[in-house]
Amino acid sequence: QVHVVESGGGSVESGGSLRLSCEASGPGYLTYCLGWFRQDPDQERVGAAVIGRQGTPIYADSAKGRFTLSRDYVKNTIILEMTGLKPEDTAKYYCAVTRTSAHDVCYNYFLKKDFDYWGQGTQVTVSS
């Protein structure tokens with residue numbers, strides 16, 4: 001079993017920044033593929049960024065150039081630094097975990113939103 005806990009959401013004005021943190025605890029952390037997803041009410045959940053065992057992040061087009069995802073192997077944590085936030089970034093952000101050591105498999109899971117463990121989410125609100 002993997003326990004996933006997000007933190008760091010909040011409210012900012014357009015152009016502002018926020019830092020989201022996700023701690024994943026459980027066996028086999030080094031094999032974790034970890035992703036951030038966001039969802040508006042009544043909308044489909046979409047991916048924002050993902051990072052695998054090798055620590056190389058991949059971003060959705062909407063996040064490129066504005067979001068930075070990093071991984072702390074000691075603290076079992078990933079950090080999503082969000083800058084240049086826009087009102088359309090408003091959503092509940094979820095951290096998710098699945099186990100795979102392969103970078104390309106991790107990315108495929110991200111595209112399919114096929115993760116085994118999900119956090120409760122943290123709200124991000126960007127006002128214009």
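Positions are given from 1, in the same order as the sequence printed here. Treat the numbers as computed from the prediction; the structure is a model and nothing was measured.
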Between the main-chain N or O of [Y] and the side-chain N or O of [X], is there a donor-acceptor pair closer than 3.5 Å?
{"X": "Tyr32", "Y": "Asn76", "answer": "no"}
{"X": "Tyr109", "Y": "Asp116", "answer": "no"}
{"X": "Arg71", "Y": "Gly55", "answer": "no"}
{"X": "Glu6", "Y": "Gln120", "answer": "yes"}
{"X": "Asp40", "Y": "Gln43", "answer": "no"}
{"X": "Arg19", "Y": "Gly8", "answer": "no"}
{"X": "Ser14", "Y": "Ser127", "answer": "no"}

Which pair of heavy atoms, one from [X] and one from [Y], lies closest together, and at what distance?
{"X": "Leu34", "Y": "Ala24", "answer": "CD2-CB, 3.9 Å"}
{"X": "Ser21", "Y": "Thr77", "answer": "OG-CG2, 3.3 Å"}
{"X": "Val50", "Y": "Cys106", "answer": "CG2-SG, 3.6 Å"}
{"X": "Ser17", "Y": "Gly84", "answer": "OG-N, 4.5 Å"}
{"X": "Val4", "Y": "Cys95", "answer": "CG1-O, 3.7 Å"}
{"X": "Ile78", "Y": "Ile51", "answer": "CG2-CG2, 3.8 Å"}

Same cluster for [X] and [Y] if Ile/Leu/Val/Met/Phe/Trp/Tyr side chains link at under 4.5 Å?
{"X": "Val105", "Y": "Phe110", "result": "yes"}
{"X": "Tyr93", "Y": "Val12", "result": "yes"}
{"X": "Tyr94", "Y": "Ile58", "result": "yes"}
{"X": "Tyr73", "Y": "Tyr117", "result": "yes"}
{"X": "Trp118", "Y": "Val97", "result": "no"}

Side-chain contact, heavy-atom cut-off 4.5 Å: Lys86 with Ser62?
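No, side chains not in contact.
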Answer yes or no: is there an ion pair linking Lys64 with Asp61, defined by an N-O contact shorter than 4.0 Å?
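A salt bridge links Lys64 with Asp61.
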Val124 and its side chain to side chain contact (heavy atoms under 4.5 Å, CB included) partner, picked from Thr90, Leu80, Leu18
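When side chain to side chain contact (heavy atoms under 4.5 Å, CB included) is applied between Val124 and each of Thr90, Leu80, Leu18, only Leu18 qualifies.
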Determine, using ring centers only, whether Phe67 and Trp36 are less than 6.0 Å apart.
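So the answer is no for these two rings.
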side-chain hydrogen bond (donor to acceptor under 3.5 Å, both in side chains) between Arg53 and Ser101, intermediate numbers included
CA-CA 6 Å; Arg53 179 178 184 176; Ser101 297; 3.3 Å; yes
So how far is it from [X] [atom1] to [Y] [atom2], rounded to the nearest 0.5 Å?
{"X": "Ser70", "Y": "Glu81", "atom1": "OG", "atom2": "CD", "value": "6.5 Å"}
{"X": "Ile79", "Y": "Ser7", "atom1": "CD1", "atom2": "OG", "value": "7.0 Å"}
{"X": "Arg38", "Y": "Leu20", "atom1": "CZ", "atom2": "CG", "value": "11.0 Å"}

Angle between ring planes, Phe37 versus Phe115, binned at 30° and 60°: parallel, tilted or perpendicular?
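Perpendicular, since the angle between the ring planes exceeds 60°.
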